[in-house]
Amino acid sequence: MAERPDLTVDLGRGLRLRSPVMAASGTFGYGFDAPQVDRAALGAIVSKGTTLRPREGNAPVRIAETPSGMLNAIGLQNPGVEHVAHVYAPEWMTWDLPVIVNVAGDSVEEYVAVARRLDGVAGIAGLELNISCPNVQRGLQFGVDPRLAAEVTHAVRVTTQLPLVVKLTPNVTDIVAVARAVEDAGADAVSAINTYAGMAIDVQRRRPVLSRGSGGLSGPAIKPLALHAVWQLAAQVRIPVIGIGGIMTPGDALEFLLAGAAAVQLGTVNYVRPQAAREVHDGIAGYLREHGLTDLRALPIRSVSVLTHA
Amino acid sequence: MAERPDLTVDLGRGLRLRSPVMAASGTFGYGFDAPQVDRAALGAIVSKGTTLRPREGNAPVRIAETPSGMLNAIGLQNPGVEHVAHVYAPEWMTWDLPVIVNVAGDSVEEYVAVARRLDGVAGIAGLELNISCPNVQRGLQFGVDPRLAAEVTHAVRVTTQLPLVVKLTPNVTDIVAVARAVEDAGADAVSAINTYAGMAIDVQRRRPVLSRGSGGLSGPAIKPLALHAVWQLAAQVRIPVIGIGGIMTPGDALEFLLAGAAAVQLGTVNYVRPQAAREVHDGIAGYLREHGLTDLRALPIRSVSVLTHA
Amino acid sequence: MSVALEQGLKSPSPSGGGQGGGPVVVERSVPMTGAVELVVYHPPSAAALDPGQFFQVAVSAPHSVLRRPYSAAWSDAASGRIGFIFNVVGAGSAWLSVRHEGHELDLLGPLGRGFDLEGERPVICVAGGLGVAVFPGVVKALLARGRKVTVLQGARTAAQLLPAARFAGAEVKTATDDGRQGHHGSVVDLLASLPPPLRGRVGEGGVDVVACGPTPMLKALIDTARRREIPLSDIQMALETPMGCGIGTCLGCAAPRAGGGYLLTCQDGPCLRADRIDWDRMTDAFHG
Amino acid sequence: MSVALEQGLKSPSPSGGGQGGGPVVVERSVPMTGAVELVVYHPPSAAALDPGQFFQVAVSAPHSVLRRPYSAAWSDAASGRIGFIFNVVGAGSAWLSVRHEGHELDLLGPLGRGFDLEGERPVICVAGGLGVAVFPGVVKALLARGRKVTVLQGARTAAQLLPAARFAGAEVKTATDDGRQGHHGSVVDLLASLPPPLRGRVGEGGVDVVACGPTPMLKALIDTARRREIPLSDIQMALETPMGCGIGTCLGCAAPRAGGGYLLTCQDGPCLRADRIDWDRMTDAFHG
Ligand SMILES: Cc1cc2nc3c(=O)[nH]c(=O)nc-3n(C[C@H](O)[C@H](O)[C@H](O)COP(=O)(O)OP(=O)(O)OC[C@H]3O[C@@H](n4cnc5c(N)ncnc54)[C@H](O)[C@@H]3O)c2cc1C
Ligand SMILES: Cc1cc2nc3c(=O)[nH]c(=O)nc-3n(C[C@H](O)[C@H](O)[C@H](O)COP(=O)(O)OP(=O)(O)OC[C@H]3O[C@@H](n4cnc5c(N)ncnc54)[C@H](O)[C@@H]3O)c2cc1C
Ligand SMILES: Cc1cc2nc3c(=O)[nH]c(=O)nc-3n(C[C@H](O)[C@H](O)[C@H](O)COP(=O)(O)O)c2cc1C
Ligand SMILES: Cc1cc2nc3c(=O)[nH]c(=O)nc-3n(C[C@H](O)[C@H](O)[C@H](O)COP(=O)(O)O)c2cc1C
Ligand code: FES
Ligand code: FES
C-alpha cells in the first residue's frame, strides 16, 4: 500500500481535524511557545485552561517529578478570557491549525460567561470544558458528579454554537456514568482523562513537595489507567472519545486508538520530546499502511456492540 | 542519639508488630518462598488472597510491565481456606512473625465462611479483607460502595475475634467515605491501597495484553496516588491506616509514615529487590535517630486535628 | 545479609547490587548477528547452576521496574564464570546489551528447574531463534555424561546462527528461513526431515528431545512429535512466559497444566517434560 | 525536521536524540571534588549561547521522565564546544555523570535569558556551591568586554572549589565552610567583609553583582545588599526552580514577581535583576 492513509478525524459539529494528534491543555500554552513542535503533525491545539478573569496561579513549588510521571498544581494561571478573545484569537485566525479553548471555572455561571465571550469569536475552533482540574478549590465538584457535570455541560451547550468537548476526571468510581450524563447534556465529544490526584512528600523537610499539598499526576505512569478509562468509555458512549494520558510514543497512541479513541492528546511528552507529535503522527500513518488500513475508523479492536446505553 | 528507636506498631485488638514493614498480599505467597527477604525486618506477612474453595486463577497472560509499574490479573489463584488452615497455619505457628490472611470472596457469605474457618486457628494473627480485588468478576462491588463495604465488614466482624484490617480500593470517588463506613462497622485498621484498574494493549496483535483485558496496576507509578489516598485517610479516620503503593525505598516508606500511615506494606518491590524490607526497616530507624525521634508515632507531619468525623 | 529465619525455605540467593563481591561482567562479545553475550564472574552462581536454570537480572532501564529472566547459556564452576546470550528486544535487553567489562550486575538465582540430562539415549537439541541461548551449557553437560548429541538450530538467516564451534563434540545441523544455510525452512521441519530414529520412533532405540525456542516453535514441535509418535514425555522444553518474581510469589508465570489448572514456569519449570503442558490452552505471550 | 508553520514563534532548537549530527560528548573530567564536567561538541548551540542561558538535557535515568535544566558553564563558538559542570544529586545527574566521550546527548536550547554583561563598572561574581558552574563563561565574556572582574567563590570545603585558574584574568577570592581555604564562612559574608566599593556603595563608582547559587544564599545576598545599600537593580542572579518544560508552556517554574504575580524562570530568567523578585515570597524548592 503506497497510498497515503486518511488520518482525518471528525469530532462532531463541524470540527474536523487533519490529524488525530492534538496538543493537550496546559502543555502547549496558547500555541505561541514550543516552536520545536512540528505543527503540521497536529490536528488541533487545546489551550491552557482559561477562566473568566486572569489568575495568578498557585505559589511555587508547582511541579514535582515522580516515577515515570510528574505532579502539577499550577492553579490555572492564565490571562483570562478577555485577553484570549482579544489578543490570541486574532492570531489563531491566521493559522491553519484549529485551536480549542480549555475552559475552567468555579461555578456554572463562570463557565457560561467564558463560553459566551468566546462564542462567535473568529479563530476559536471549539471549547473543551475542564470540569476536572483538581487544583483549584472545589475544582473537582463538577467532574465527579454526573448530575453537576450534566448541568454545566447543558448550560454551556445552550450558550454557544461552538463544538463542545467535555474533559473528564478519572478520580471517580464510574467515569462512564459521568460521560453518559454529559453526552445526554449535549457534549459533542469527551476527552479522557485529566490528571489523577496525587502527592509527594519531602522527607527531609517533612512537608508536601507542592505548596498546595496535592497535585495532578500525568505522564507515562498513568497510561495504563487512562487506557482502561478510554476502553470503557469507547464501548459505552456514542460520541467520540479523545484519549489522553501518558502518551510518549506512536505505540502508546495506537493503544488508545485501538481501545476506541477517535483521537489522542499529547501532554507531558511535549515538555520532553518536542518531536513526539511528528513521530506519533507518522507512526500512526505507518501502522495503518502496514496493516492495510485506509483510515482511523478501522482501528478500534472492539466494536461498540457492547453499547448498552439506551 | 545512639539509642535504638522503637519501631513497634499497634494495629489494634492485640495485633502488635515489631516493625512497621509488612509484606503485601499477593507479593509474598504464603510466606514459604522468597527466602532472600530478611524476615527479621518484617512486622508481619499478609498472605495471598484466600477464598473458600481453591481457585485456579486466570488464564495467562496474567502480568505485564508498564512504565514504572506492572499490571496483574492473577485471578486469586489460591489453594482455598481449608488448605491454609490445615497445612499453612501450623507452620506459621512456629514462626516468630505474624501472618495475616488476606480474605477474598464473591459474596458476604463467602467472606464470612472463610473468616469462620480461620477464627481461633493457631498461627493466624489477623485477617485482611480484600474487598478491592479488581480481577474477579464482581470483585469491585464491595469496595466501591460504603454500604456494601460496611455490610461485609460487619458480617465478618461478628464472626471472628481476629484483628480485622479492611483493604481499600482506590478506584472510587471518595475513599474516605468507604473507610469511615468500615471503621464504623468494626474494622480495626484499614490498608490502602489495592491496585488501580488499568490495561495494556498489544499493538502488534491488536488485543489486550492480559487475557482478562484489564488488570490492577502496582509499583512506583502509583506511589503519588496511593500517598494522596493515605494522606486523606490518616486525617479523617481514627483507626490505623496501613500505607501501600509503590514503595521501593526507605524514602518512599517514610513518605507514607509522614503522611500519617501507622505501617506500610511492600508489594511489587519484593519481586525486584528482596533486600528492600531490610533497607526500609533500617532506613526508617536511621531517620528516626537522625531526627531525634524515639518512635513512629512522632512521624506524621499533620496532626489529626482536621478530623471532622463525628 | 539476608537471613532466612524460617524453615522450609529454598535458597536461591540475591547477589550484586553494588555491594562488592557481586557478579561482575568480565567479557562482552557478539556471538552472532543481533545477539550479545555477556560473561559474568560469580563463582557461587557458576557452581550452583544446573543447565536450563535462569537468573532474574535487575535492569536499570528507563521506566522499567521488573527484573528480566535470562537462562544461563553456560557456566563453568572452575573459572567461576557464567555466560548469557540475548538479543535486544526492548528496554531491559537494551540496557543489558551496553554492559561492559567491569560493570556489576545484580542477579537473583540460579532459579527454577533445569533439564533432566541423565540417560543413555541419543539426544536431539532443537533450538529456535534465541532459544539456542540455553544450549552451549546443555550440550556440554550431555557430552560430559557420554551421550550422543545432535543440535538442530534454526534461525531467520545464517548470520543469526550461533557458530557450530560452540557445540564442539556434537553433530550440528542448521535450518534458515532464507535457505542460505542448511535446511530451507523451520528447525521443526528439519527434525521431521531427518531419518529415523532421529525424527522419532516409539519405544526403545528412541531419542530424547530437548527444545528451546519461541512458543509457536514449541507448538509446532509438539504437532510433529504427535505425528511422528515421539512420546511427549521424551521431550523436555524450556518455556518462556512473562515473569514477575521468578520465585513463585507473584503467580504471574502460569502455564496451562495437562489435566487442568496451571503450572508456574518459574518454579515447576522453566524446563519441563512436554506431557505436563496442556498444549491446547498454551498461548504465546510474546508477538513474533 | 521540525518546521514552525506559524509566525511569532521563538526558535530554540531541539537537537540530538541519536539522529546523527547532534551534540556529542567529547570530554569528561572532574573539575573539583564531587563534580563532573562534560564538554559537548555542537557548533550551532555553542554559537548561539549567551552566558547564563541553559539547556534542557534529556536523561534516560530509571523512572525519570522530565528533562533536566543545566546552565552552560562556558561555550566556545570557534571550537563548537560547550561545557557543563554539575554534581550528582539524584537520578538525572547520576545518569549524566556516566556519559563519556562519544556518547550523544539530546539537548534542547539554548533557552531563557542570560546575564546582561554590558557596562563599564567593575563586576563582582558571587558563586555559591555548584552555582559556580555558570561562571567560567560569564567571566570570560565580562573580561572580553574589558570589565574588571572579582570572583567570590564559596564551597563547603577547599576541594569543592573550582580552581582559580578557570577564571584567568579575574581576581578570585574564596570562602569555605570549614575555613581551610580563604574566608571562613559563607561567600556572602566574604562579600560583606570586603572593603568598599566591593562590598557595596550606592550610586556612581559602585559595582555590578552577578550571583548564582542556592536560593538561601541568594536570599542572604539580598539581605546583605539591602544593608550595604547596594541597589537590587545592580544585582543579577541566575535562579534555580524546578522546571517542567524550560520553554514557557508548563508554568511550573514560577518565581514570585516584585509587585505581585509570578515570573517564569525559564522565560523571564533564569538570569534576572534582583529587584524583579519578591524576596519575601521566594521559597527554596530544594532542600539544603
Ligand atoms: C525462563 C526465561 C529465560 C529466558 N532466557 C532468555 C535468554 O537466554 N536470552 C534472551 O534473549 N531472552 C531470554 N528470555 C526473555 C527475556 O527474559 C526478555 O523477555 C527479553 O530479553 C525481552 O526483555 P526486554 O526488557 O528487552 O523487552 P520488554 O521491554 O520486556 O519487551 C519488549 C517487547 O518484546 C516482547 N517480548 C518480551 N519478552 C519477549 C520474549 N521472551 N520473546 C519475544 N518477545 C518478547 C514484549 O511483548 C514487548 O512487546 C527468557 C525468558 C524466560 C521466561
Ligand atoms: C536554570 C537551571 C540551571 C541549572 N544549572 C545547573 C548546573 O549548571 N549544574 C548543576 O549541577 N545543576 C544545575 N541545575 C540543577 C539541575 O537541573 C538538577 O536539578 C540537578 O542536577 C538535580 O537533578 P537530578 O535528576 O540529579 O536530581 P532529582 O532526582 O531531580 O532530585 C534529587 C533530589 O535533589 C533535589 N534537587 C533537585 N534539584 C536540585 C537543585 N537544583 N539543587 C539542590 N537540590 C536539588 C530534589 O529535591 C530531590 O530531593 C540547574 C537548574 C536550573 C533550574
Ligand atoms: C503542567 C500541566 C498543566 C495542565 N493544565 C491543564 C489545564 O489547564 N486544563 C486541563 O484540562 N488539563 C490540564 N492538564 C492536563 C493535561 O491536559 C492532560 O490531561 C494530562 O496531563 C494527562 O496527559 P499526559 O499524561 O499526556 O500529560 C495539565 C497537565 C500538566 C502536566
Ligand atoms: C501479582 C500481584 C498479586 C496481588 N494479589 C493480591 C491479593 O491476592 N490480595 C490483595 O489484597 N492484594 C493483592 N495485590 C495487591 C498488593 O497487595 C498491593 O496492594 C499492590 O500491589 C500495591 O502495592 P505495590 O505497589 O507495593 O505493589 C497483588 C499485587 C500484585 C502485584
Ligand atoms: S514469575 Fe512470579 S510466580 Fe513465577
Ligand atoms: S519550566 Fe515550564 S514554564 Fe518554565
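To find a chain, count down the sequence lines: A is the first, B the second, and so on, and within it residues start at 1.
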Exercise for the section: To the nearest 0.5 angstrom, please state how far the CD1 atom of Ile277(C) sits from the CG atom of Leu239(C). Expected result: 4.5 Å
Problem - Electrostatic pair Lys219(C)-Asp280(C), nearest N-O below 4.0 angstrom - result: no
Problem - Asp268(C)/Arg257(C) ion pair, N-O < 4.0 Å - result: no
[X], part contacting chain C, at a heavy-atom distance under 4.5 Å:
{"X": "Pro60(B)", "value": "both"}
{"X": "Ala59(B)", "value": "both"}
{"X": "Thr27(B)", "value": "backbone"}
{"X": "Ser211(B)", "value": "neither"}

Go through the atoms of [X] and report whether side chain, backbone, both or neither lie under 4.5 Å from a heavy atom of chain B.
{"X": "Met243(C)", "result": "backbone"}
{"X": "Thr283(C)", "result": "side chain"}
{"X": "Ala254(C)", "result": "both"}

Practice task
Assess whether ring-ring contact (aromatic ring centres under 6.0 Å, His included) is satisfied between Phe84(C) and Tyr70(C), documenting all intermediate values.
Solution key: CA-CA 7 Å; Phe84(C) 295 93; Tyr70(C) 288 98; 7.1 Å; no
Problem - Cation-pi geometry met for Arg281(C) and Tyr262(C) (6.0 Å, 45°) - result: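 Because its charged atom sits under 6.0 Å from the ring centre and within 45° of the axis, Arg281(C) does stack over Tyr262(C).
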Exercise for the section: Report yes or no: is the cationic atom of Arg113(C) (NZ for Lys, CZ for Arg) under 6.0 Å from the centre of the six-membered ring of Phe54(C), at an angle within 45° of the ring normal? Expected result: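 No, a cation-pi geometry is absent between Arg113(C) and Phe54(C).
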